[in-house]
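Below: the structure, in structure tokens.
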2 protein chains.
Amino acid sequence: MGKRDLDEPLRDARTLAVQLRDRLADLIRTEGLKPGDRLPTESQLTQRFRISRPALREALKLLEQDGVISVTHGLGRFVTANSAVQVDRPITVFESVTDMARHYGYDTVNKVLSIAEETPAPLIQQQLRLADGERVIRLERLRLHNDLPLIYSLDYVPRGLLPGRLFDIEWSGSLLALLERYRHQPRMSAASVAAVTLPDEIVQRNDLRDFGPALLITETCFDGTGTPVVHAAVYHRGSHFAFSFARK
Amino acid sequence: MGKRDLDEPLRDARTLAVQLRDRLADLIRTEGLKPGDRLPTESQLTQRFRISRPALREALKLLEQDGVISVTHGLGRFVTANSAVQVDRPITVFESVTDMARHYGYDTVNKVLSIAEETPAPLIQQQLRLADGERVIRLERLRLHNDLPLIYSLDYVPRGLLPGRLFDIEWSGSLLALLERYRHQPRMSAASVAAVTLPDEIVQRNDLRDFGPALLITETCFDGTGTPVVHAAVYHRGSHFAFSFARK
DNA sequence: AAGATGTCAGTTGTCTTACAACTGAACAAC
DNA sequence: GTTGTTCAGTTGTAAGACAACTGACATCTT
């Protein structure tokens with residue numbers, strides 16, 4: 001608490017258009033505008049917010065692309081029904097498993113079950129776009145909350161991304177943070193979700209007979225340059241997790 | 001094929017900004033621009049496409065919001081890595097269960113297990129925003145592919161939306177299409193996904209002992225005015241379904 | 001020689017002004 | 001009752017000007 005935050009911008013770095021887009025979204029909410037209700041005209045809004053018309057139009061265009069408003073040339077802009085499907089923290093948000101679990105109220109303890117370097121299976125090689133002969137790090141972990149296993153996960157990382165010896169690296173923390181420290185920060189992923197039961201040998205090896213049905217999320221994570229940096233299979237205990245999303 | 005399509009607009013109704021957004025997205029693709037590559041300047045693009053700068057800027061702003069490009073003031077616009085996470089037909093697309101199943105190659109036969117009018121449970125009443133005393137239609141169905149049960153579903157519809165007697169309505173078709181005919185077309189939904197096993201009484205009643213783990217999608221569907229029109233619980237057979245999505 | 005400061009060119013961000021295009025309502029003509 | 005015209009209000013597009021930012025380079029100070 002004596003630590004001073006030096007990163008304190010004196011000015012909002014966002015463009016006026018983006019700022020106004022958010023202000024207008026708030027305004028629609030706070031003024032209780034319902035689907036079909038008409039927004040103030042461009043002229044009224046430029047006066048109200050003391051902003052030029054082109055900047056305002058950019059903001060309105062963004063709102064339109066967001067699906068919040070629809071526009072009829074010559075008639076006006078109207079609130080759409082999209083606010084009916086507000087979803088907090090949807091499954092489509094990219095975040096670490098640890099952060100996600102904390103959001104559900106689970107402060108998990110991360111147990112490393114195994115760490116190894118190996119030749120990747122063909123699917124892993126394809127997902128991580130590895131050349132023949134390239135190796136991967138295979139990280140097997142279990143996350144527990146109050147001694148109850150909640151998440152079993154397998155992560156594959158191209159060996160070349162993490163220099164040094166495997167046992168010199170701390171594996172019980174966030175893999176995303178680890179990769180970030182080596183300048184390969186994962187930023188997005190292509191994922192899929194399925195309902196499965198844990199594979200038998202994992203059940204036997206780790207005494208997970210009562211895990212029950214699992215929500216399996218399989219994803220390939222990419223860094224800012226579009227390079228795949230992790231392939232993960234994450235089994236969430238079905239009784240403790242459900243993920244939300246909007247469909248449009 | 002003798003039928004003439006009368007809806008043939010002579011002019012693209014989309015604004016220039018939206019058209020140009022799509023043209024630029026195509027250009028990024030066809031010119032093989034990679035993450036980090038720089039786009040032509042605004043000046044170059046206005047000349048290339050013979051469009052005014054404000055319209056061009058609106059288009060570029062939309063591309064930025066789409067995550068296709070990032071902008072640095074004074075420096076230029078750059079392609080982001082978003083194309084790394086192209087997902088066909090994500091879970092976030094709103095469509096009927098029948099259409100979704102067909103996409104997986106399953107032409108399902110829809111069996112009506114039960115249809116009834118009842119007083120809703122508190123959760124259903126809340127989700128459908130019903131007043132005290134309002135009733136719902138409860139529709140229980142099973143979808144089979146080659147005689148194998150793939151999807152068990154429960155749908156709740158406000159009674160007032162579908163006039164007439166229950167047994168006069170054809171329930172084995174698409175519920176979305178049925179509601180559309182009564183001017184309550186579902187257009188979007190708020191949903192969640194979990195891994196479960198079928199409830200015991202359903203297993204026993206319908207001989208579904210070998211269904212295995214199920215991917216349960218629970219969703220409330222809204223029409224164009226934001227009014228909730230269906231609350232559904234859809235159990236997908238785990239062995240036959242997995243849904244994709246992008247995380248950003 | 002190294003570090004700090006200032007200048008400049010190129011680019012994006014914002015603004016002002018003007019005219020074009022569209023929509024629905026109102027009214028006139030048939 | 002139907003069709004055509006006009007009008008007011010609104011969005012769509014354009015041209016021109018200046019502000020703000022960034023990195024590269026030059027100059028000054030130690």
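Just so we're on the same page: letters track the sequence lines, and every chain starts at 1.
Heavy-atom contacts of chain B under 4.0 Å fall on DNA chain D between two terminal nucleotides, which in 5' to 3' order are D:dG12 to D:dG23.
For B:R187, the CZ atom counts as loosely surrounded, since its 6.0 Å shell holds 12 or fewer non-hydrogen atoms of other residues, nucleotides or ligands. At most 12 heavy atoms of other shown residues, nucleotides or ligands fall within 6.0 angstrom of atom CZ in B:R23.
C:dT23 atom C1' lies 9 Å from atom NE2 of A:H73, rounded to whole Å. Atom CD in A:E42 sits roughly 15 Å away from atom C1' in C:dT16 (whole-Å rounding). Following rounding to the nearest Å, B:L75 (CG) and C:dG13 (C1') show an atom-to-atom distance of 14 Å.
Looking at A:T119 and A:R135, their side chains do bring a donor and an acceptor atom within 3.5 Å of each other. With 3.5 Å as the limit, one finds no donor-acceptor pair spanning the side chains of B:Q44 and B:T46.
The minimum heavy-atom distance between A:P40 and A:L45, with the atom names listed, is O-CD1, 3.6 Å.
Looking at residues 44-59 of chain A, you'll see A:I51, A:S52, A:R53, A:P54, A:A55 sit with a heavy atom under 4.0 Å from some atom of DNA chain C. For the segment residues 32-40 of chain A, the set of residues with a heavy atom within less than 4.0 Å of an atom of DNA chain C is empty.
With sequence neighbours excluded, the residues satisfying salt bridge (Lys or Arg N to Asp or Glu O under 4.0 Å) with B:E58 are A:R57, A:K61. Partners of B:E31 by salt bridge (Lys or Arg N to Asp or Glu O under 4.0 Å), not counting sequence neighbours, listed by chain and number: B:R48. Taking the salt bridge (Lys or Arg N to Asp or Glu O under 4.0 Å) definition, one finds that B:R165 meets it with B:D168, sequence neighbours left out.
Mapping B:R77 and B:G74 onto DNA chain C by nearest heavy atom places B:G74 at the nucleotide closer to the 5' end.
B:F243 and B:Y104 have perpendicular rings, their planes meeting at more than 60° on a 0 to 90° scale where under 30° would count as parallel.
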Evaluate the criterion ring pair (Phe, Tyr, Trp, His ring centres under 6.0 Å) for residue pair B:F222 and B:F94; output intermediate values, then yes/no. CA-CA 11 Å; B:F222 300 87; B:F94 183 79; 9.6 Å; no
